[in-house]
*Asks:* 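Okay, handing you the structure first.
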Amino acid sequence: LADDNSVTIGMILPMTGPSASTGKQEKAGAELYLQQHGDTVAGKTIVLAVKDDTGAADVTKRLAQDLVANDHAAALMGFGLTPLALAAAPIATEAKVPEIVTAAATASITEKSPFIVRTSFTLPQASAPMAQWALNNGVKKVVTIVTDYGPGVDAEKWFGETFEKGGGTIVERIRAPLKNPDFAPFLQRVADDKPDAVFVFVPSGFGSVFMKQFVERGLDKAGVKLIGTGDVTDDDQLADIGDAALGAVTAHHYSAAHDSPENKAFVAAFEKANAGMRPNFMAVAAYDGMDLVYRALEKTKGDASGPALLAAMKGMSWTSPRGPVSIDPETRDIVQNIYVRKVEKTDGALYNVEFATIPDVKDPYKAGK
Ligand code: DHB
């Protein structure tokens, strides 16, 4: 239990409900880091307290309050969906405790508290490079389909604006509800529009439903290319999606197939610790969230006060399993490579195989301000 020497990291995740796969991956990523590095850093004992917010923002908020007031958490971490990250922001500000966002990816989140630091990504960071790739590869007419909330709106805007600026045409912009996703009626409209490609954003865990309905509608056979951010071809779901995913081209910051010694070691250790489960982009962001806490504590020589940790995190750079990363000291967002990938079968299993790298991408939403 917590004592004077302990530093509690309060990890708030959807462990149940429609985004439970995010919770499962994130918890496993954070626990792997602890298992590999031990629970002691700069003379402190790290206590990881994982709480289930069920994906409900009022629960996130109550858990954040409890962790700060009763457990004296030195940092809050996790936040599986944008509304959940937003719910904790006023508590982080009030308590002067870092809120490390390891999942939610709406660009504006980091502006909601000066104590928010992010190790996941932003939708503009992945969507703008996807548009550039489409422009360079003969795609002229696109229908966008996004889940109708923060990250989807970001994806629609940054894909669409970049694509149109380069001379492409957005034929139709479709937003599907977050609750009870059924894409079939929207995909019928896509069939009628006959675009060169569909650009899609759905949150982690929803890709399987989308991809299966895309193929059921015969859109792949009709020659409609599937492009998107990498959330739709999530490594957690690729096996379940099956061959329907083959050929999908996406832009993202992490693939389990990323070819580096750090990633090979990460994937092997993760699969060993989790009965063969493959890590996805959520797992790596939680692993990196823990790495960031450890590095910050080393830098402060064990000073776990919120402002000291926050200052230490700003500008931190390291090698993640995803490649080189740093925390932008101005925006507190992660700066990272974005990779263009294609779903292929290698050794009998489906992977997002990276074939192009856009290095050191900052969140373009903040860069343009
Ligand atoms: C968000 C959630 C996801 O599962 C994802 O893949 C991207 C963004 C979000 O709610 O911000």
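Counting starts at 1 for both ligands and their atoms, following the listed order.
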*Asks:* Show the atoms of ligand 1 that are less than 4.0 angstrom away from any heavy atom in Ala104.
*Replies:*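 Checking each atom against Ala104, I get 9 (C), 11 (O).
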*Asks:* Output the list of atoms in ligand 1 that are nearer than 4.0 Å to some heavy atom of Phe281, sorted by atom number.
*Replies:*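 Close to Phe281: 6 (O).
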*Asks:* So, do Phe199 and Phe163 have ring centers that fall under 6.0 Å from each other?
*Replies:*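 For Phe199 and Phe163, the ring centres are not under 6.0 Å apart.
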*Asks:* Only heavy atoms of Pro203, strictly under 4.0 Å: list the atoms of ligand 1 that pass.
*Replies:*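 Those qualifying, in numeric order: 2 (C), 3 (C), 4 (O), 5 (C), 6 (O).
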*Asks:* Aromatic ring centroids of Phe281 and His252 under 6.0 Å?
*Replies:*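 They qualify: ring centres under 6.0 Å apart.
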*Asks:* Do any heavy atoms of Ser120 fall under 4.0 Å from ligand 1?
*Replies:*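 Under 4.0 Å: no for Ser120.
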*Asks:* Between Phe201 and ligand 1, which part of the residue brings a heavy atom under 4.0 Å of the ligand: side chain, backbone, both or neither?
*Replies:*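 Near ligand 1, Phe201 shows its side chain, while the N, CA, C and O stay back.
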*Asks:* So if I count the atoms of ligand 1 from 1 in the order they appear, which ones are less than 4.0 Å from some heavy atom of Gly80?
*Replies:*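 In order of number, 2 (C).
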*Asks:* With atoms numbered from 1 as shown, which atoms in ligand 1 lie under 4.0 angstrom from a non-hydrogen atom of Met282?
*Replies:*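 Reading through ligand 1 atom by atom, the close ones are 3 (C), 4 (O), 5 (C), 6 (O).
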*Asks:* Is it true that the side chains of Asn352 and Thr233 contain a donor and an acceptor less than 3.5 Å apart?
*Replies:*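 Judged by distance alone, the side chains do pair up.
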*Asks:* Test your reading of the structure: does Ala105 have an N or O sitting under 3.5 Å from an N or O of ligand 1?
*Replies:*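 Between Ala105 and ligand 1 (N or O atoms, distance only) the closest approach is under 3.5 Å.
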*Asks:* Going by atom types only, do His253 and Gln125 share a side-chain donor-acceptor pair under 3.5 Å?
*Replies:*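 Looking only at side-chain atoms, Gln125 and His253 do not form any donor-acceptor pair under 3.5 Å.
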*Asks:* Which residue and non-hydrogen atom of the protein lie closest to atom 6 (O) of ligand 1, and at what distance in Å?
*Replies:*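 Going atom by atom, the protein heavy atom closest to atom 6 (O) of ligand 1 ends up being Asp231 OD2, 2.5 Å.
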*Asks:* Under the 3.5 angstrom rule, does the side chain of Asn263 hit a backbone N or O of His258 as a donor-acceptor pair?
*Replies:*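 Looks like yes, one N/O pair under 3.5 Å.
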*Asks:* Would you say Lys44 has more than 12 foreign heavy atoms packed within less than 6.0 Å of its NZ?
*Replies:*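 Yes, because the 6.0 Å sphere around NZ of Lys44 holds more than 12 heavy atoms from other groups.
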*Asks:* Considering only non-hydrogen protein atoms, determine which one is nearest to atom 1 (C) of ligand 1 and report residue, atom name and distance to 0.1 Å.
*Replies:*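 Minimum-distance protein heavy atom for atom 1 (C) of ligand 1 reads Tyr149 OH, 3.6 Å.
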*Asks:* So which bit of Pro151 gets within less than 4.0 Å of ligand 1, heavy atoms only: side chain, backbone, both or neither?
*Replies:*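 Side chain only; the backbone of Pro151 stays clear of ligand 1.
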*Asks:* Are the side chain of Asn5 and the backbone of Gly43 linked by a donor-acceptor contact shorter than 3.5 Å?
*Replies:*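 Checked: pair present.
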*Asks:* Closest non-hydrogen protein atom to atom 4 (O) of ligand 1, residue and atom name please, with distance?
*Replies:*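 Checking every protein heavy atom, the shortest distance to atom 4 (O) of ligand 1 gives Ser204 N, 2.9 Å.
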*Asks:* Under the criterion salt bridge (Lys or Arg N to Asp or Glu O under 4.0 Å), which of Lys369, Arg332, Lys366 is the partner of Glu111?
*Replies:*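 With Glu111 as partner, salt bridge (Lys or Arg N to Asp or Glu O under 4.0 Å) holds for just one option, Lys369.
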*Asks:* What orientation do His37 and Tyr33 show, parallel under 30°, tilted 30 to 60°, or perpendicular over 60°?
*Replies:*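 Parallel.
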*Asks:* Does any N or O of ligand 1 fall below 3.5 Å from an N or O anywhere on Thr22, backbone included?
*Replies:*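 Between Thr22 and ligand 1, no N or O pair is found under 3.5 Å apart.
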*Asks:* Could you check atom 11 (O) of ligand 1 against the protein and tell me its nearest heavy-atom contact, residue, atom and distance included?
*Replies:*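 Nearest neighbour among protein heavy atoms for atom 11 (O) of ligand 1, to 0.1 Å: Thr82 OG1, 2.5 Å.
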